[in-house]
Amino acid sequence: MEIFDYEGGICKPAQELGVFLVPAVNGCSHNKCTFCCFYKHQTFGMIPLNEIEGELIRAKNHGAVVKRAMLVGGDPLALPVKDLLDINDLIRGYFPECGTITMEASIQNLRR
Ligand code: SF4
């Protein structure tokens, strides 16, 4: 089985136990919190859509049922809305049963 070569750290809240993880971004758009060493070595950027789709296809081919997905990376909400909608469309295209997509976000993301 091919495994997605995700190079970043994954910080997943306990309430997301069992959620399907979708690699969406490398790094964190802020990356300046002194207490956080998750993404210091990375430059923030979206993972190419074709690679995200490849991961969804891999999961689909292995019979995954995805009712809840979480975008992985420092703060995927920093992505432009169009990119988030493209990822949303891919997830819902392969997993129409998916009712919820979550992600980490900073307060700057929310303000923007
Ligand atoms: S915003 Fe979050 S992921 Fe980014 S550096 Fe701060 S704690 Fe780490």
Side-chain angles (χ1 to χ4, degrees):
M1 179 173 73
E2 232 176 87
I3 305 286
F4 189 87
D5 190 18
Y6 182 71
E7 59 173 285
I10 295 178
C11 181
K12 187 175 71 163
Q15 65 266 30
E16 298 293 3
L17 181 71
V19 72
F20 178 64
L21 300 176
V22 180
V25 297
N26 286 314
C28 164
S29 68
H30 178 62
N31 213 11
K32 290 181 189 148
C33 298
T34 53
F35 57 85
C36 175
C37 58
F38 264 90
Y39 307 104
K40 292 287 187 226
H41 62 297
Q42 286 187 304
T43 302
F44 180 79
M46 181 176 165
I47 292 173
L49 209 54
N50 67 316
E51 291 183 25
I52 297 173
E53 183 170 21
E55 179 66 358
L56 298 175
I57 291 170
R58 186 189 66 79
K60 186 78 179 177
N61 289 343
H62 282 84
V65 174
V66 175
K67 297 201 168 155
R68 189 175 175 90
M70 179 179 178
L71 305 188
V72 169
D75 57 344
L77 198 63
L79 290 175
V81 171
K82 182 191 178 311
D83 291 338
L84 289 170
L85 289 174
D86 286 345
I87 297 171
N88 172 75
D89 289 347
L90 275 181
I91 294 172
R92 294 189 194 278
Y94 286 100
F95 301 102
E97 71 275 16
C98 183
T100 305
I101 300 173
T102 66
M103 70 197 80
E104 295 284 6
S106 70
I107 198 71
Q108 289 97 331
N109 303 149
L110 294 169
R111 188 175 57 189
R112 181 180 58 83

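For reference, positions follow the sequence shown, starting with 1. Note that ligands are numbered from 1 as they come in the structure, with each ligand's atoms numbered from 1 the same way.
- Within the 4.0 angstrom cut-off, atom 2 (Fe) of ligand 1 has no protein heavy-atom neighbours.
- Looking only at protein N/O/S atoms, the ones less than 2.8 Å from atom 4 (Fe) of ligand 1 make 1 in total.
- Under the 4.5 Å side-chain heavy-atom criterion for ILVMFWY residues, a single connected hydrophobic cluster contains both Ile107 and Phe38.
- Among the candidates Ile52, Leu71, Ile47, Leu79, the single residue satisfying the side chain to side chain contact (heavy atoms under 4.5 Å, CB included) test with Val25 is Leu79.
- Arg68 places no side-chain N or O within 3.5 Å of a backbone atom of Phe20 that could act as its donor or acceptor partner.
- Here is the list of ligand 1 atoms found below 4.0 Å of a heavy atom in Phe35: 7 (S).
- No donor-acceptor distance shorter than 3.5 angstrom exists from the side chain of Lys67 to the backbone of Cys98, with no hydrogens or angles considered.
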With a cut-off of 3.5 Å and sequence neighbours excluded, list every side-chain donor-acceptor pair involving residues 81-90.
from, atom 1, to, atom 2, distance (Å)
Lys82, NZ, Asp86, OD2, 2.7
Asn88, OD1, Arg92, NE, 2.8

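- Under the rule for a side chain to side chain contact (heavy atoms under 4.5 Å, CB included), the partners of Val72 that lie at least two apart in sequence or sit in another chain are Tyr6, Ile10, Leu21.
- Contacts of Pro13 classified as side chain to side chain contact (heavy atoms under 4.5 Å, CB included), with partners at least two apart in sequence or in another chain: Gln15, Glu16, Met70, Glu104.
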